[in-house]
Amino acid sequence: MGLFDAIGISGSGLTAERMRMDVTSENLANAETTKAANGQPYRRKEVVLQEAGGAGNDFASVLSSVQGGGSGSGAGVANGVKVSGIVEDSSPLKRIYDPGHPDADKNGYVTMPNVNTVTEMTDLISSSRAYEANVTAMQTAKTMFSKTLDLLR
């Protein structure tokens with residue numbers, strides 16, 4: 001594991017949590033969108049996270065682990081997190097009675113997005129806390145490196 005791997009791992013966490021915040025913001029912004037780009041009501045989106053480099057089966061990783069060096073991609077070494085995809089939530093859409101709405105059907109019902117603002121706010125707080133934790137880990141690593149450099153003077 002290299003000197004700056006802790007900062008790189010925390011950086012990957014910051015990137016992943018920022019993506020979660022972006023998707024949550026998009027969900028909140030479209031909570032009342034009855035027609036998305038495909039003409040259907042907006043569907044809630046979720047971010048799928050995956051351990052970065054978890055498999056480590058590419059040639060460079062295997063060669064690096066055999067040689068005992070590298071950038072920390074060998075077995076048992078943490079590599080951070082990455083966004084493996086953004087998927088749509090398949091939960092059912094809500095139907096409300098609003099006969100005056102322009103998208104109401106012949107019975108007066110409007111199909112609304114499956115976005116729950118309470119769930120989105122919970123996810124937003126969770127990703128915010130995880131972002132702060134990654135910043136704290138990065139600051140701690142930076143302080144440790146700085147103290148190490150002070151010892152060497």
> Are Met121 and Val115 co-members of a hydrophobic cluster defined by side-chain heavy atoms under 4.5 Å apart?
Replying inline: no

At their closest point, which heavy atom of [X] faces which heavy atom of [Y], and how far apart are they?
X	Y	value
Pro99	Ala104	O-CB, 4.1 Å
Ser84	Gln50	CB-OE1, 3.1 Å
Gly80	Ser12	CA-OG, 3.3 Å
Arg20	Ser126	NH2-OG, 3.6 Å

> What residues, two or more places apart in sequence or in another chain, satisfy salt bridge (Lys or Arg N to Asp or Glu O under 4.0 Å) together with Asp98?
Replying inline: none

>> Taking salt bridge (Lys or Arg N to Asp or Glu O under 4.0 Å) as the definition, give me every residue that meets it alongside Glu88, ordered by chain and number, with sequence neighbours left out.
In response: none

> Apart from Leu49 itself, what residues make up its hydrophobic cluster, given side-chain heavy atom links below 4.5 Å?
Replying inline: Met19, Val23, Val47, Val81, Val83, Ile86

> Quick one: are Ile9 and Asn79 in side-chain contact, heavy atoms under 4.5 Å?
Replying inline: no

> Taking atom CZ of Arg129 as the centre, does the number of heavy atoms from other residues, nucleotides or ligands within less than 6.0 Å exceed 12?
Replying inline: no

>> Does Glu132, at its CD atom, have more than 12 non-hydrogen atoms belonging to other residues, nucleotides or ligands within less than 6.0 Å?
In response: yes

>> If the test is side-chain contact (heavy atoms from CB on, under 4.5 Å), which one of Glu32, Lys35, Glu26 qualifies with Tyr42?
In response: Glu26

> Tell me the side chain to side chain donor-acceptor pair (under 3.5 Å) pairs involving residues 111-121, sequence neighbours left out?
Replying inline: Asn27-Glu120, Arg44-Glu120, Ser91-Asn114

Tell me which donor-acceptor pairs under 3.5 Å the side chains of residues 138-150 have, and how far apart each pair is, sequence neighbours excluded?
| unit_1 | atom_1 | unit_2 | atom_2 | d |
| --- | --- | --- | --- | --- |
| Thr140 | OG1 | Thr136 | O | 2.8 |
| Thr143 | OG1 | Gln139 | O | 2.9 |
| Thr148 | OG1 | Met144 | O | 2.8 |

>> Once rounded to the nearest 0.5 Å, what's the spacing between atom CG of Asn38 and atom CZ of Arg43?
In response: 9.5 Å

Would you say the side-chain atoms of [X] pair up with the backbone N or O of [Y], donor to acceptor, closer than 3.5 Å?
X	Y	result
Asn30	Thr33	no
Ser10	Ile7	no
Asn107	Tyr109	no

>> Using side chain to side chain contact (heavy atoms under 4.5 Å, CB included), reason through Met112 and Leu93 one step at a time and then give a plain yes or no.
In response: CA-CA 6 Å; Met112 300 296 290; Leu93 300 171; over 6 Å; no

>> Met21: which residues meet the side-chain contact (heavy atoms from CB on, under 4.5 Å) condition with it, sequence neighbours left out?
In response: Leu124, Ser127, Ser128, Tyr131

>> side chain to side chain contact (heavy atoms under 4.5 Å, CB included), that's the test. Do Asn134 and Glu17 meet it? Break it down for me.
In response: CA-CA 9 Å; Asn134 280 301; Glu17 295 305 326; 4.2 Å; yes

>> Closer than 4.0 angstrom, basic N to acidic O: yes or no for Asp105 and Arg95?
In response: yes

